[in-house]
Amino acid sequence: MKILVVGAGAMGSLFAGRLKTQTSEVFLYNRENSHVEKINQCGLTIIEQDNNKTVIPLTVVQEVSKDYDLVLVMLKTHATKAVLTQLKNSFSLQTLFVTMQNGLGNLEILAEIFPNNSLVAGTMGSGASVESDGQILHRGFGTNFVGQPTDKRAQEKLAEFVELLNHAGLETRLAEDVQTVIWNKLFVNLAYNSLTALTRLRNGDILNTVDGQNLLRSIVTEAIEIAEAEGIHVETETIIAKCIKMGQEQFPANKSSMLMDVLHKRKTEIDAINGAVANLGKKHGILTPYNDMITGIIKVIEANYSKQVD
């Protein structure tokens with residue numbers, strides 16, 4: 001199986017590196033930058049929870065061909081349409097596309113660009129951050145989930161892909177109800193991404209105070225009401241308890257992707273996370289004051305990176 005991972009950020013690098021330990025036909029696609037150059041020159045270094053380091057030879061490409069069996073999309077959500085539209089004629093109709101990106105709306109963007117390909121959405125329970133060029137920290141160890149395509153050939157490709165991930169140490173399961181899984185992952189992203197970006201804290205440190213826990217609860221509770229309006233049925237206290245437990249046990253030391261974006265003065269995924277909840281609130285006539293404010297503050301930060309006081 002020939003696999004292309006699109007997006008060489010922390011998660012794209014983690015998945016590509018781990019997959020490369022199982023099969024030689026794995027490539028990363030990304031524009032050239034210092035992180036990419038380091039990987040091509042020295043390989044990808046993955047630092048595990050016990051601080052052991054693994055160096056994996058990996059190739060990051062800027063050109064793609066039609067012979068990829070599966071494309072794993074790991075781009076920032078705001079870059080998906082622009083990047084994949086540029087590449088849309090580079091893949092065959094037999095290529096299976098899998099998105100495991102944060103937030104809502106990713107599968108719909110893929111369907112717009114590749115209407116005749118098999119498409120699958122999923123979520124990541126894994127977590128990672130870029131420590132330095134060519135080097136990532138693996139700090140999240142939950143289960144990944146992917147939905148199931150209807151096409152039989154695509155099902156066979158996906159089954160092989162899931163098997164590779166599991167053998168690579170990235171626990172992955174097929175999900176019957178992938179939309180519920182996507183919302184469950186969104187609740188976790190809502191709980192930690194924006195709050196860590198605003199406070200400059202690691203995930204687990206959000207929970208150090210009652211104020212932090214209350215903010216998490218308010219943000220997630222609004223989203224649960226929106227999920228119910230969208231036909232996703234969940235139990236509020238169960239979801240909040242799960243979010244808190246994950247922050248305490250699964251990835252307390254992780255630096256969220258949104259925190260890293262703010263620290264490096266990059267555009268964040270706020271529109272696909274808290275912003276998506278706020279927009280759906282307007283659609284359903286449901287007030288979402290916490291998610292509205294969080295989205296607004298992050299956008300103010302993004303718009304004024306050059307004016308920040310050091």
Side-chain angles (χ1 to χ4, degrees), residues 9-11 14 47-52 102-103 123-132 135-144 183-227 234-266 268-270 272-278 288-302 304-305 308-310:
M11 297 309 303
L14 174 66
I47 304 173
E48 297 295 348
Q49 194 171 27
D50 58 6
N51 289 322
N52 281 337
N102 287 331
T123 64
M124 294 178 293
S126 305
S129 59
V130 176
E131 176 69 4
S132 60
Q135 187 167 267
I136 62 169
L137 296 173
H138 185 193
R139 290 294 185 266
F141 302 89
T143 302
N144 310 298
W183 270 94
N184 280 327
K185 176 60 186 298
L186 179 67
F187 297 139
V188 178
N189 282 331
L190 287 161
Y192 292 101
N193 271 272
S194 58
L195 287 180
T196 56
L198 291 174
T199 59
R200 311 292 178 95
L201 294 173
R202 297 173 188 268
N203 288 359
D205 292 330
I206 292 298
L207 306 171
N208 288 342
T209 65
V210 173
D211 290 322
Q213 293 182 29
N214 287 341
L215 281 170
L216 182 153
R217 172 179 289 274
S218 297
I219 292 166
V220 174
T221 299
E222 286 182 357
I224 290 171
E225 188 175 359
I226 301 300
V234 293
E235 207 286 311
T236 299
E237 292 305 318
T238 300
I239 292 296
I240 291 172
K242 179 181 178 182
C243 287
I244 291 174
K245 184 177 181 180
M246 290 178 74
Q248 291 172 331
E249 299 179 6
Q250 289 189 18
F251 47 62
N254 191 56
K255 300 174 187 175
S256 78
S257 59
M258 196 174 295
L259 168 60
M260 297 305 293
D261 286 338
V262 167
L263 291 176
H264 289 92
K265 300 183 178 181
R266 300 185 296 235
T268 73
E269 295 180 297
I270 193 68
I273 302 176
N274 302 79
V277 169
T288 56
Y290 282 91
N291 283 282
D292 287 348
M293 180 171 285
I294 289 286
T295 301
I297 295 173
I298 292 290
K299 285 180 172 291
V300 169
I301 292 172
E302 285 182 346
N304 291 282
Y305 282 138
Q308 285 182 348
V309 177
D310 293 329

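Fair warning: this is a prediction, and the values are worked out from it, not measured in the lab. For the single chain, residues carry numbers from 1 onward in sequence order.
With sequence neighbours left out, Glu235 forms a salt bridge (charged side-chain N to carboxylate O under 4.0 Å, His left out) with no residue at all. Partners of Phe141 according to the ring-ring contact (aromatic ring centres under 6.0 Å, His included) rule, which considers only residues two or more places apart in sequence or in another chain, are His138.
Each of Leu216, Ile294, Leu195, Asn274 was scored for a side chain to side chain contact (heavy atoms under 4.5 Å, CB included) with Leu190, with one residue passing: Asn274.
Separating the CG atom in Asn193 from the CG atom in Leu186 is a distance of 9.5 Å, to the nearest 0.5 Å. The CD atom of Glu222 sits 5.0 Å away from atom CG of Asn291, with the distance rounded to the nearest 0.5 Å. Note that OG1 of Thr221 and CD1 of Ile239 are 10.5 Å apart. Values are rounded to the nearest 0.5 Å. Here the CD-CE distance, from Glu269 to Met258, works out to 6.5 Å after rounding to the nearest 0.5 Å. Expressed to the nearest 0.5 Å, how far CZ of Arg217 lies from CD1 of Ile224 amounts to 9.0 Å. For the atom pair Arg202 CZ and Asn208 CG, the distance stands at 12.0 Å (nearest 0.5 Å).
Across Gly275 and Thr295, no two heavy atoms sit closer than the pair N-OG1, 3.3 Å. Here the closest heavy-atom approach between residue Ser194 and residue Ile298 is recorded as O-CD1, 4.3 Å. Ala10 and Ala128 get closest at one heavy-atom pair: CB-O, 3.5 Å. When all heavy atoms of Cys243 and Tyr192 are compared, the pair lying nearest together is O-OH, 2.7 Å. Considering every non-hydrogen atom in both Ser126 and Leu14, the closest pair reads CB-CD2, 4.1 Å. Closest approach of Ala197 and Val262 over heavy atoms only: CB-CG2, 3.9 Å.
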Derivation of the side chain to side chain contact (heavy atoms under 4.5 Å, CB included) call for Phe187 and Ile240 = CA-CA 8 Å; Phe187 297 139; Ile240 291 172; over 6 Å; no
With side chain to side chain donor-acceptor pair (under 3.5 Å) as the test, would you mind laying out the steps for Asn214 and Asp211 before giving the verdict?
-> CA-CA 5 Å; Asn214 287 341; Asp211 290 322; 4.9 Å; no
Please assess Thr123 against Asn144 for the test side chain to side chain donor-acceptor pair (under 3.5 Å), listing each intermediate value before the final yes or no.
-> CA-CA 6 Å; Thr123 64; Asn144 310 298; over 6 Å; no
Steps toward side chain to side chain contact (heavy atoms under 4.5 Å, CB included) verdict (Lys255, Asn203) = CA-CA 6 Å; Lys255 300 174 187 175; Asn203 288 359; over 6 Å; no
Show your working on side chain to side chain contact (heavy atoms under 4.5 Å, CB included) between Thr288 and Ile226 and close with a plain yes or no.
-> CA-CA 9 Å; Thr288 56; Ile226 301 300; 3.9 Å; yes
Residue pair Ile136, Ile47: steps toward the side chain to side chain contact (heavy atoms under 4.5 Å, CB included) verdict = CA-CA 6 Å; Ile136 62 169; Ile47 304 173; over 6 Å; no
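Remark: side-chain polar atoms of Ser256 are paired, donor with acceptor, to backbone N or O of Leu259 under 3.5 angstrom. Distance alone, capped at 3.5 Å, places no donor-acceptor pair between the Lys185 side chain and the Asn102 backbone.
A salt bridge does not link Arg139 to Glu131: none of the charged nitrogens lies less than 4.0 Å from a carboxylate oxygen.
Looking only at side-chain heavy atoms (C-beta outward), Leu207 and Gln248 come within less than 4.5 Å of each other. The side-chain heavy atoms of Arg266 and Met260, taken from C-beta on, include a pair separated by under 4.5 Å. Considering only heavy atoms from C-beta on, Leu215 comes within 4.5 Å of Tyr290 through its side chain. Looking at heavy atoms from C-beta onward, Gln49 lies out of side-chain contact with Leu137 at the 4.5 angstrom threshold.
Open room surrounds NZ on Lys245; 12 or fewer heavy atoms of other groups in view lie less than 6.0 Å from it.
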